[in-house]
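Chain letters run A, B, ... following the sequence lines, proteins first and then strands; every chain starts at 1.
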2 protein chains.
Amino acid sequence: MGSTLQNPACQHCKDRFSSVFCKAEQCNLEEIDQAKVCSVYKKGQVIFHEGAYPFGVYCINDGKIKLSHSGDDGREQIIRLVKAGDIMGYKALLSNERYTATATALEDSSICFIPKDLFMSILQKDAALSFEMMRILSSELRKAELKITHLAQKPVRERLAETLLFIKETYGLEEDGHTLSVRLSREEIANLVGTATESAIRLLSEFKKDGMIELEGKKIRLLDIHQIVKTANLQD
Amino acid sequence: MGSTLQNPACQHCKDRFSSVFCKAEQCNLEEIDQAKVCSVYKKGQVIFHEGAYPFGVYCINDGKIKLSHSGDDGREQIIRLVKAGDIMGYKALLSNERYTATATALEDSSICFIPKDLFMSILQKDAALSFEMMRILSSELRKAELKITHLAQKPVRERLAETLLFIKETYGLEEDGHTLSVRLSREEIANLVGTATESAIRLLSEFKKDGMIELEGKKIRLLDIHQIVKTANLQD
DNA sequence: ACTCTCCCTTGATACATATCATTCTACGGG
DNA sequence: CCCGTAGAATGATATGTATCAAGGGAGAGT
């Protein structure tokens, strides 16, 4: 468990305008505000575990989280990157099943927990919120299906380039306008791409040699985004 | 377009108990019943095309449909198999985007079309239907994420075995209790597995040699399901 | 400052799978 | 009925990627 601290009000949450709840009715927001519990999780800490039963949804106040499956042979597959304003854990809750993924903090994160019963009851009466949930689910599903196609049809090189762009889209860049603002291990990058760690390393080195990126420990600087897009070979 | 014919009433649709609409309120069902248009599509006919704008959702009355992406190099990736009682086209509708997949009839099929406005307005007022939609979306998302993990981590042999089981789960078996009740080309099977057609053919031959299956044209008989499960190496 | 450990890196090799080429088969139309 | 064509099957080969093995570097804790 993360350590509990003073709950920031949802109405003042810095990402309230981009989150699901921006569509929720004000009275429901207040209700959530009173029931939620906000905690801080340290980098590397697990928020919930694959196989466990869900008791609510998590709303990221601040921080970065990875959601990952553990494959049959124990290898991790990163399914989703979660950022401030996003929610997680809703899939298991809605389909009334156990978590199918493990949530791990990529850096120190502040996360609100909203109890299941409350979330579900508000979902019943707040059509706008329901709608927004469906929109999110649809969008996630679309992304997942695209990923399936790419995994099945694209070589690792293209998928790695695509992943770099995806990380950039998700977490953005630092002030210099080049450095990815998240530190991932090579293994994590590989588990995002769906390849072996060594392959990811080798290809990153190639990208570097080609002048597309710059590597400095876990810092990755995207130097030539145009070239990366070309390497990713995106057309849909 | 498929040829229009006398609309069967939703209330009498043979799969009404297993479809989304089983949760919908009766009055809404009647409303749908009046507005929907039912058509018959011949095997191979396209119901909707990737890139087109959605004008409603499709509910399968009878038949079998494949939903597929066209990859960058034009190779097809089959995303989903649709059966009677299922709906399709909701993802694009909900996220208000164009279709990301093409729907093609695998055999002659009878399909109802429900106009966008009606569907959306009923979704607004019918919480139970909304809930069911979220349940479906969550479940699809869960399946998609599992598929991602398997594509990234499992060899083709295991994925092929898994696919055979998946086809069986989706469309069931013929009266003999062994034959898959859908005829797919080798290429379609490969596009479901995410591999080259030749690889799928080769592995099917191996499965046959190992006594797991029997092949007769497009008929596939599952002889030793236990062995197929073992080959699929499922544990989650 | 120094070790210890973890992660990164690089190289050598093996293997699964894609690709190309060819033959075989079955089916539908003239 | 036979030909033509599309799909299926099989073989030969190429290649991308995983795996195994070993070295190198950087940060954490003592």
Indicate every side-chain donor-acceptor pair of residues 194-205 of chain A with a distance under 3.5 Å to a residue at least two apart or in another chain.
unit_1   : atom_1 : unit_2   : atom_2 : d
A/Ser205 : OG     : A/Ile201 : O      : 3.0

Do any side-chain atoms of residues 76-88 of chain A form donor-acceptor pairs under 3.5 angstrom with protein atoms, and if so which ones, sequence neighbours left out?
unit_1  : atom_1 : unit_2   : atom_2 : d
A/Glu76 : OE1    : A/Asn191 : ND2    : 2.9
A/Glu76 : OE2    : A/Lys66  : NZ     : 3.2
A/Glu76 : OE2    : A/Ser68  : OG     : 3.1
A/Gln77 : NE2    : A/Asn191 : O      : 3.1
A/Arg80 : NH2    : A/Ile87  : O      : 2.8
A/Asp86 : OD2    : A/Lys83  : N      : 3.1

Mind checking what makes side-chain contact (heavy atoms from CB on, under 4.5 Å) contact with A/Asn96, not counting sequence neighbours? A/Lys116

Can you name the side-chain hydrogen bond (donor to acceptor under 3.5 Å, both in side chains) partners of A/Asp176, sequence neighbours left out? A/Thr179

Sequence neighbours excluded, which residues qualify as ring pair (Phe, Tyr, Trp, His ring centres under 6.0 Å) partners of A/Phe166? none

B/Arg98: partners by side-chain hydrogen bond (donor to acceptor under 3.5 Å, both in side chains), with sequence neighbours left out: none

Taking any atom closer than 4.0 angstrom to a non-hydrogen atom of chain A, what span of DNA chain D does the protein reach, first nucleotide to last? D/dT17 to D/dC20

Quantify the bending of the helix from C/dT9-D/dA22 to C/dG30-D/dC1 as the angle between its end axes, each fitted on five pairs, to 10°. 30°

Sequence neighbours excluded, the answer for ring pair (Phe, Tyr, Trp, His ring centres under 6.0 Å) partners of A/Tyr99 is A/Phe48

Using a 4.0 Å heavy-atom cut-off to protein, can you give one letter per nucleotide of nucleotides 6-21 of chain C, 5' to 3': B if the base is in contact, S if only the sugar-phosphate is, - if neither? --SBBBB----SSBB-

By side-chain hydrogen bond (donor to acceptor under 3.5 Å, both in side chains), B/Glu169 pairs with (sequence neighbours left out) none

Going by the rule side-chain hydrogen bond (donor to acceptor under 3.5 Å, both in side chains), which residues pair with B/Arg221 if we only count those two or more places apart in sequence or in a different chain? B/Glu214, B/Glu216

Which of B/Glu158, B/Arg159, B/Glu162 passes side chain to side chain donor-acceptor pair (under 3.5 Å) with B/His150? It is B/Glu162

